[in-house]
Amino acid sequence: MSGPDPRPLTGEPLSLDLLNTLWHDRYGRYDLLDSTGGLARWLSGSRLAAPYAGGELRADRATLGAARAARSALAGVVGRPDAGPGALEAFNRLLDAGRIRRLLTAAGPVERLEAPDSARLFGYLAAADYLRLLSTAPDRLRTCANPNCGLHFHDVSRNGTRRWCSSTGCGNRAKAARHYARRTARAG
């Protein structure tokens, strides 16, 4: 798989970006993680891959399976305050794949991520990112207001009132629909 990332929304924090690898529009349902080629495309454009350019994250079958499992576990808890024990356990298993080790070195204090299974490193990073978002800005985690969209985003607008995944996509369609409704109401 080559070319630009086909998703309508990119560049979100890792946990939300992973969820957004599965999307739909009026033409169909799409899954960027349907193959190792899709995983490679996602990793090549992801902020996640840069710190692990040494090879810890590879677009292989094991990593693809782990990425899909991580996405499923995240989907069970993101935006769901009533997530059940099974969903919470699946999410927490992602965190079992790694740990942060704090050390004092000659250069000073450092933190090192230790993950014995590089394929599962991906899930750990996504889960840790979601926990970071929950602890810093839980009220800024949103799902697009278009009920036919479902993309997730971190609202970084100044006043925190962003409703749409994209102002040129869902937001524009909603504005056009409101305009059409007003116009037809006046005409009728």
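By convention here, the first residue in the shown sequence is residue 1. Computed from a predicted structure; not experimentally measured.
- Of all heavy-atom pairs between Thr143 and Phe153, the closest is C-CE2, 4.0 Å.
- Of the possible polar contacts, none joining the Asp5 side chain to the Arg41 backbone as a donor-acceptor pair under 3.5 Å is found.
- Under the 4.5 angstrom side-chain criterion for Ile, Leu, Val, Met, Phe, Trp and Tyr, the cluster partners of Val110 are Leu103.
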Side chains of residues 59-83: which donor-acceptor partners sit under 3.5 Å, not counting sequence neighbours?
unit_1 : atom_1 : unit_2 : atom_2 : d
Asp60  : OD1    : Ala62  : N      : 3.4
Asp60  : OD1    : Thr63  : N      : 2.8
Asp60  : OD1    : Thr63  : OG1    : 2.8
Thr63  : OG1    : Arg58  : O      : 3.0
Arg68  : NE     : Leu33  : O      : 2.7
Arg68  : NH2    : Leu33  : O      : 2.7
Arg68  : NH2    : Asp34  : O      : 3.3
Arg71  : NH1    : Thr21  : OG1    : 2.9
Arg71  : NH1    : Asp31  : OD1    : 2.7
Arg71  : NH2    : Asp31  : OD1    : 3.3
Arg71  : NH2    : Asp31  : OD2    : 3.1
Arg80  : NE     : Ala75  : O      : 3.1

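- For the pair Tyr30 and Pro8, the minimum side-chain heavy-atom distance is 4.5 Å or more.
- Shown here are the side chain to side chain donor-acceptor pair (under 3.5 Å) partners of Arg102, two or more places apart in sequence or in another chain: Glu111.
- Shortest non-hydrogen contact noted between Leu16 and His154 is CD1-N, 3.6 Å.
- The hydrophobic cluster analysis finds Leu22 isolated: no Ile, Leu, Val, Met, Phe, Trp or Tyr side chain comes under 4.5 Å of it, directly or through other members.
- Annotation: salt bridge (Lys or Arg N to Asp or Glu O under 4.0 Å) contacts of Glu114 (sequence neighbours excluded): Arg99, Arg101.
- Considering all non-hydrogen atoms of both residues, Leu18 and Ala126 come closest at CD2-CB, 3.9 Å.
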Side-chain donor-acceptor distances from residues 131-141 under 3.5 Å, at least two apart:
unit_1 : atom_1 : unit_2 : atom_2 : d
Arg132 : NE     : Asp129 : OD1    : 3.4
Arg132 : NH2    : Asp129 : OD1    : 2.7
Ser135 : OG     : Leu131 : O      : 3.3
Ser135 : OG     : Arg132 : O      : 3.0
Thr136 : OG1    : Arg132 : O      : 2.9
Arg140 : NH1    : Asp155 : O      : 3.0
Arg140 : NH1    : Ser157 : O      : 2.7

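- Closest of all the heavy-atom pairs between Leu151 and Trp23 is CD2-CB, 3.7 Å.
- Under the side chain to side chain donor-acceptor pair (under 3.5 Å) criterion, Asn92 pairs with no residue, sequence neighbours left out.
- A salt bridge is absent between Asp96 and Arg120; no separation between the charged side-chain nitrogens and carboxylate oxygens falls under 4.0 Å.
- Smallest separation of non-hydrogen atoms from Arg29 and His24: CA-CB, 3.9 Å.
- Arg7 places a side-chain N or O within 3.5 Å of a backbone atom of Asp17 that can act as its donor or acceptor partner.
- Interatomic distance, Asn20 CG to Cys165 SG, rounded to the nearest 0.5 Å: 8.5 Å.
- Hydrophobic clustering of Ile, Leu, Val, Met, Phe, Trp and Tyr side chains at less than 4.5 Å, counting indirect connections, unites Phe122 with Ile100.
- Between Tyr124 and Ala97, the closest heavy-atom pair is CB-CB, 4.2 Å.
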